[in-house]
Amino acid sequence: MANVTTNPATTATGKLAGKTVLVTGAAKRLGRAIALAAAREGADVAITFHHSAKDAQHTVVDIAGCGVRAVALKCDVTDEKSVKAMVKEAVRELGGIDVLVNNAANYETVEFEHITVKQWDAIFASNTRGPFLVSRAALKQLRLRGGKIINLGSLGGLRPWATHAHYCSSKAALHMLTRVMAKALAPQIAVNAVAPGMIDLAEPSAAAFMRQMAKQTPMRRNGTGEEIAAAVMFFATAPHFITGQVLTVDGGLGL
Ligand SMILES: NC(=O)c1ccc[n+]([C@@H]2O[C@H](COP(=O)([O-])OP(=O)(O)OC[C@H]3O[C@@H](n4cnc5c(N)ncnc54)[C@H](OP(=O)(O)O)[C@@H]3O)[C@@H](O)[C@H]2O)c1
């Protein structure tokens with residue numbers, strides 16, 4: 001496992017000071033924004049990456065810049081063995097897990113009649129089985145600390161997108177998994193989901209699509225990574241009594 005661990009020079013303060021947050025798939029994009037938001041709230045942070053080792057190293061350095069401990073762990077969330085080893089390593093490095101954020105996922109646009117069995121299974125493996133495997137592997141640690149699980153769902157799990165049958169179905173399943181786990185893992189663990197709508201991550205190839213989506217959105221713009229991270233931080237710091245909820249963060253697009 002390619003780990004980068006850094007130790008803080010100062011003692012962190014913030015709503016998550018003294019807590020440990022594990023964010024999957026957080027080398028870049030929304031996962032990185034979530035990991036940095038947790039670090040700014042004073043949490044020690046473990047991130048996982050699959051292929052983006054270099055980005056993960058940069059992110060870990062930036063997390064450590066917030067004065068908290070940071071570690072990057074390689075993990076394939078579809079693989080039970082890899083997940084178990086990653087959770088063990090995260091606990092060894094940071095001492096436990098208070099908040100698990102299941103962020104790693106895949107997204108793909110395919111006409112319904114062209115979705116192959118391989119594509120269908122791959123999307124479900126990362127988007128639905130992944131959060132199940134990581135949550136199950138982290139249960140003991142989360143129970144010990146009265147922890148929280150936050151899943152990254154999607155507006156696509158609530159609204160049907162014609163060219164994303166496998167993605168939408170995988171996220172709808174994740175929303176249900178959120179509610180099932182909230183019931184099954186209570187009272188020790190609170191489980192919620194954040195369902196982003198259109199988030200603008202400044203990708204040049206998506207610029208025209210983003211402009212079009214902004215026009216259709218009641219708030220007249222797309223969301224930012226920081227806004228999704230803020231919703232995740234809400235659940236991470238919310239009363240334990242808030243559980244089983246799917247919070248849509250979409251500027252009203254799904255209304
Ligand atoms: N961006 C949006 O507008 C939007 C909208 C709705 C919902 N969401 C949800 O919000 C979350 C974050 O969105 P995003 O766009 O930032 O995600 P993303 O870039 O599509 O994926 C995040 C990370 O997931 C990791 N990943 C994929 N398959 C993996 C596997 N088998 N094992 C381990 N890691 C794996 C990748 O890590 P490596 O790069 O290291 O390989 C990737 O960097 C996702 O759950 C997504 O579905 C996003």
Side-chain angles (χ1 to χ4, degrees), residues 14-16 21 23-41 43 45 47 49 52 55-56 58-59 62-63 65-66 99 101-111 123 126-127 131 148 150-175 178 192-238 242 244-255:
K15 286 185 193 162
L16 292 174
V21 177
V23 190
T24 64
K28 50 194 183 178
R29 293 166 57 88
L30 294 187
R32 174 185 153 87
I34 293 164
L36 283 169
R40 286 186 199 110
E41 285 295 351
V45 180
I47 64 165
F49 63 93
S52 303
D55 289 302
H58 287 142
T59 297
D62 291 343
I63 292 169
C66 299
V99 180
V101 183
N102 283 310
N103 170 81
N106 286 289
Y107 174 84
E108 191 177 48
T109 305
V110 192
E111 294 290 337
I123 286 284
S126 59
N127 297 8
K148 289 175 170 165
I150 303 157
N151 295 322
L152 267 291
S154 175
L155 181 60
L158 297 162
R159 297 283 175 271
W161 296 343
T163 50
H164 300 79
H166 51 348
Y167 173 82
C168 289
S169 303
S170 74
K171 290 295 188 176
L174 181 59
H175 294 168
T178 300
N192 293 288
V194 172
M198 288 301 143
I199 308 306
D200 194 344
L201 295 165
E203 278 175 353
S205 60
F209 177 67
M210 284 292 158
R211 274 196 299 277
Q212 181 198 329
M213 293 312 299
K215 276 189 205 154
Q216 292 173 34
T217 302
M219 286 296 175
R220 293 288 175 264
R221 64 174 179 85
N222 299 298
T224 65
E226 287 64 36
E227 286 168 325
I228 299 306
V232 172
M233 287 307 104
F234 166 72
F235 282 131
T237 58
I242 298 177
Q245 302 306 302
V246 177
L247 175 62
T248 310
V249 183
D250 68 346
L253 181 61
L255 297 175

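A distance-only check finds no donor-acceptor pair linking the side chain of Arg220 to the backbone of Ala214 [under 3.5 Å]. Remark: side-chain polar atoms of Asn127 are paired, donor with acceptor, to backbone N or O of Asn106 under 3.5 angstrom. Using modelled atom types, one side-chain atom of Thr24 and one backbone atom of Asn103 make a donor-acceptor pair closer than 3.5 Å. The backbone N or O of Lys15 lies less than 3.5 Å from a partner atom in the side chain of Glu41, making a donor-acceptor pair. With hydrogens and angles disregarded, a donor-acceptor distance shorter than 3.5 Å links the side chain of His175 to the backbone of Ser154. Panel note: side chain Ser169, backbone His166; no donor-acceptor pair is recorded below 3.5 Å. Judged by distance alone, the side chain of Asn192 and the main-chain N or O of Gly244 form a donor-acceptor pair under 3.5 Å.
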Worksheet item: Could you walk me through whether Met233 and Leu16 pass the side chain to side chain contact (heavy atoms under 4.5 Å, CB included) check?
Response: CA-CA 9 Å; Met233 287 307 104; Leu16 292 174; 3.9 Å; yes

Practice prompt. For Leu30 and Leu201, run side chain to side chain contact (heavy atoms under 4.5 Å, CB included): C-alpha distance rounded to whole Å, both residues' side-chain angles, the deciding distance at 0.1 Å, then the answer.
Written response: CA-CA 8 Å; Leu30 294 187; Leu201 295 165; 4.0 Å; yes

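The shortest non-hydrogen separation linking Gly157 to Lys171 is CA-CB, 3.8 Å. Closest non-hydrogen pair, Pro196 versus Leu152, comes out as CG-CD1, 3.9 Å. Between Leu155 and Gly197, the shortest heavy-atom distance links the atoms CB-CA, 3.9 Å. Between Leu158 and Ala195 the shortest heavy-atom distance is CD1-CB, 4.2 Å. For the residue pair Ile199 and Val249, the shortest heavy atom distance occurs at CD1-O, 4.4 Å. The two atoms that bring Ile63 and Ala35 nearest to each other are CD1-CB, 3.9 Å, heavy atoms only.
Atom-to-atom distance recorded for Glu108:CD and Ile123:CD1 is 5.0 Å, nearest 0.5 angstrom. In this structure, Phe234 CZ and Leu247 CG are separated by 7.5 Å, a value rounded to the nearest 0.5 Å. Rounding to the nearest 0.5 angstrom, the gap separating the CZ atom in Arg29 from the OG1 atom in Thr59 is 12.5 Å. Note that CG of Leu253 and CZ of Arg221 are 12.5 Å apart. Values are rounded to the nearest 0.5 Å. Put simply, CG on Asp250 and CZ on Arg159 are 8.0 Å apart, with the number rounded to the nearest 0.5 Å.
For Glu226, the salt bridge (charged side-chain N to carboxylate O under 4.0 Å, His left out) criterion is met by no residue, not counting sequence neighbours.
Classified by interplanar angle (parallel below 30°, tilted 30° to 60°, perpendicular above 60°), the ring pair Trp161/Tyr107 is perpendicular.
Of the candidates Thr178, Val194, Ile34, Ile150 forms a side chain to side chain contact (heavy atoms under 4.5 Å, CB included) with just one, namely Val194.
Under the 4.0 Å criterion applied to side-chain N and carboxylate O atoms, Arg32 and Asp55 are not assigned as salt-bridge partners.
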